[in-house]
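Only heavy atoms go into these numbers, but all of them, side chains included; no hydrogens, no water, no symmetry mates. Just so it is clear, the model here is predicted, and its values are computed rather than measured.
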Amino acid sequence: MDVKIEASWKAVLAAEFEKSYFAQIKQALLAAKEQGKEVYPRGGLIFNAFNTTPLPDVKVVILGQDPYHQPGQAMGLSFSVPADVKIPASLRNVYKELARTIEGFQIPRHGDLSHWAEQGVLMLNASLTVERDKAGSHAGIGWQQFTDEVIRVVSANRDGVVFMLWGNFAKKKAVLIDTARHHVLTAIHPSPLAGGGFIGCNHFTLANEKLLAQGKSAIDWQV
């Protein structure tokens, strides 16, 4: 199966693309198209997180659950939306935490986080597609088996990566990570439905401290 994905990822994930569950993902997406269902993000952006952040560049992983399910929002990077789309509520809380902890951070007027991805922040959703207006609609088609393997691949092939796990769903992925080699930061989800507990987690300053301690460059969180 020829999957269009950045070369370093294609090399380490080649076996996954040949497994039966991945064929089922493809079949589910083709069936949705045949039925006239809108699926986000569009095909060219499904692997945007991988194409923007090659495996050798990964320094931080921010794990989301599902792409945004309204038209024009999903762009293949967790928590990120195109610059001309209204900033989602969860991302607004992320910005509040950044403004609270990162000196000089100015809250942006847009939600495009591509600048993070270009610096080595793998912005991974557990499911890489979703049906319009139906959150979690593709959670059972096989994507989570694939993205669990992605987390294992990062854990096995990189050192000193900072994993940010926000909310109970993301926290469960910690079992896939070798904590002797990597740093796992957990927090309440930034969604307003979580009661604002995300504010005060200090994840962005902690991540840069851990990167600098390894001799790696810090992330410029300004977007």
Side-chain angles (χ1 to χ4, degrees), residues 1 3-6 9 13 16-17 19-53 61-95 110-114 116-117 121-154 163-173 176 188-194 198:
M1 188 180 298
V3 176
K4 294 180 180 179
I5 190 172
E6 190 274 334
W9 288 109
L13 295 170
E16 299 306 303
F17 300 136
K19 291 180 179 179
S20 59
Y21 82 84
F22 204 88
Q24 292 171 3
I25 293 173
K26 186 176 181 180
Q27 290 170 1
L29 295 178
L30 287 173
K33 184 176 181 180
E34 291 171 356
Q35 295 165 17
K37 297 177 180 178
E38 291 185 53
V39 173
Y40 306 133
R42 59 181 176 80
L45 291 176
I46 290 174
F47 294 110
N48 192 23
F50 305 89
N51 296 332
T52 310
T53 313
V61 176
I62 296 179
L63 184 64
Q65 186 167 353
D66 220 25
Y68 296 117
H69 55 81
Q70 294 298 314
Q73 291 182 313
M75 57 181 294
L77 303 176
S78 60
F79 293 94
S80 181
V81 293
D84 59 349
V85 172
K86 182 180 178 182
I87 301 172
S90 292
L91 184 53
R92 288 188 182 279
N93 278 338
V94 169
Y95 285 167
H110 67 88
D112 185 348
L113 306 179
S114 297
W116 295 0
V121 182
L122 179 64
M123 311 196 65
L124 180 67
N125 277 317
S127 294
L128 299 188
T129 57
V130 70
E131 187 179 332
R132 178 176 179 169
D133 297 328
K134 294 184 178 180
S137 51
H138 285 183
I141 70 171
W143 278 131
Q144 290 191 28
Q145 186 171 342
F146 176 72
T147 54
D148 280 359
E149 182 60 25
V150 170
I151 295 170
R152 292 189 190 97
V153 161
V154 173
F163 289 84
M164 296 185 185
L165 308 182
W166 301 339
N168 291 332
F169 175 86
K171 290 175 185 177
K172 292 177 182 177
K173 303 296 183 178
L176 306 173
I188 292 172
H189 196 279
S191 168
L193 298 177
F198 179 79

* To do: With the side chain counted from C-beta on, respond yes when Ser114 and Met75 share a heavy-atom pair under 4.5 Å apart, and no when they do not.
  => yes
* Asked: Which atoms form the tightest heavy-atom contact between Trp9 and Val150, and what is the distance?
  -> CZ3-CG1, 3.9 Å
* **Pro192 vs Asn93 side-chain heavy atoms within contact, under 4.5 Å** => yes
* Asked: Within a strict 4.5 Å, meaning less than it, do heavy atoms of the Phe198 and Val94 side chains meet?
  -> yes
* With sequence neighbours excluded, residues passing salt bridge (Lys or Arg N to Asp or Glu O under 4.0 Å) with Glu16 -> Lys19
* Between Phe146 and Phe22, is the ring centre distance below 6.0 Å? -> yes
* To do: Please round to the nearest 0.5 Å and tell me the distance separating atom CD1 of Ile46 and atom OH of Tyr40.
  => 13.5 Å
Quick one: side chains of residues 78-91, donor-acceptor pairs under 3.5 Å with protein atoms, not counting sequence neighbours, listed by atom name and distance.
residue	atom	partner	partner atom	Å
Ser78	OG	Ile62	O	3.1
Ser78	OG	Leu124	N	3.4
Ser80	OG	Gly111	O	3.3
Ser80	OG	Leu113	N	2.9

* Passes side chain to side chain contact (heavy atoms under 4.5 Å, CB included), Leu29 versus His138? Steps please. -> CA-CA 9 Å; Leu29 295 178; His138 285 183; 3.8 Å; yes
* **4.5 Å side-chain heavy-atom contact, Val130 and Tyr68** => no
* Asked: Is there a side-chain contact between Arg132 and Val39 (heavy atoms, below 4.5 Å)?
  -> no
* Hey, what do you get for CH2 (Trp166) to NZ (Lys171), rounding to the nearest 0.5 Å? -> 12.5 Å
* Got a second to check how far Leu122's CG is from Leu63's CG, nearest 0.5 Å? -> 9.0 Å
* Is there a donor in the side chain of Asn125 and an acceptor in the side chain of Ser127, or the other way round, less than 3.5 Å apart? -> no
* **Side-chain touch Trp116/Thr52, heavy atoms, less than 4.5 angstrom** => no
* Gln70 backbone acceptor or donor facing Gln73 side chain under 3.5 Å -> yes
* Asked: Between Asn51 and Glu6, is there a donor-acceptor pair closer than 3.5 Å when you use the side chain of the first and the backbone of the second?
  -> yes
* To do: With sequence neighbours left out, write down each residue that passes side chain to side chain contact (heavy atoms under 4.5 Å, CB included) with Arg152, or none if nothing qualifies.
  => Asp148, Glu149, Leu176
* Asked: Which value, rounded to the nearest 0.5 Å, describes the distance between Ile141 atom CD1 and Glu131 atom CD?
  -> 10.5 Å
* Gap separating the NZ atom of Lys134 from the CD atom of Glu38, nearest 0.5 angstrom -> 11.5 Å
* Nearest-0.5 Å distance, NE2 of residue His69 to OG1 of residue Thr129 -> 13.5 Å
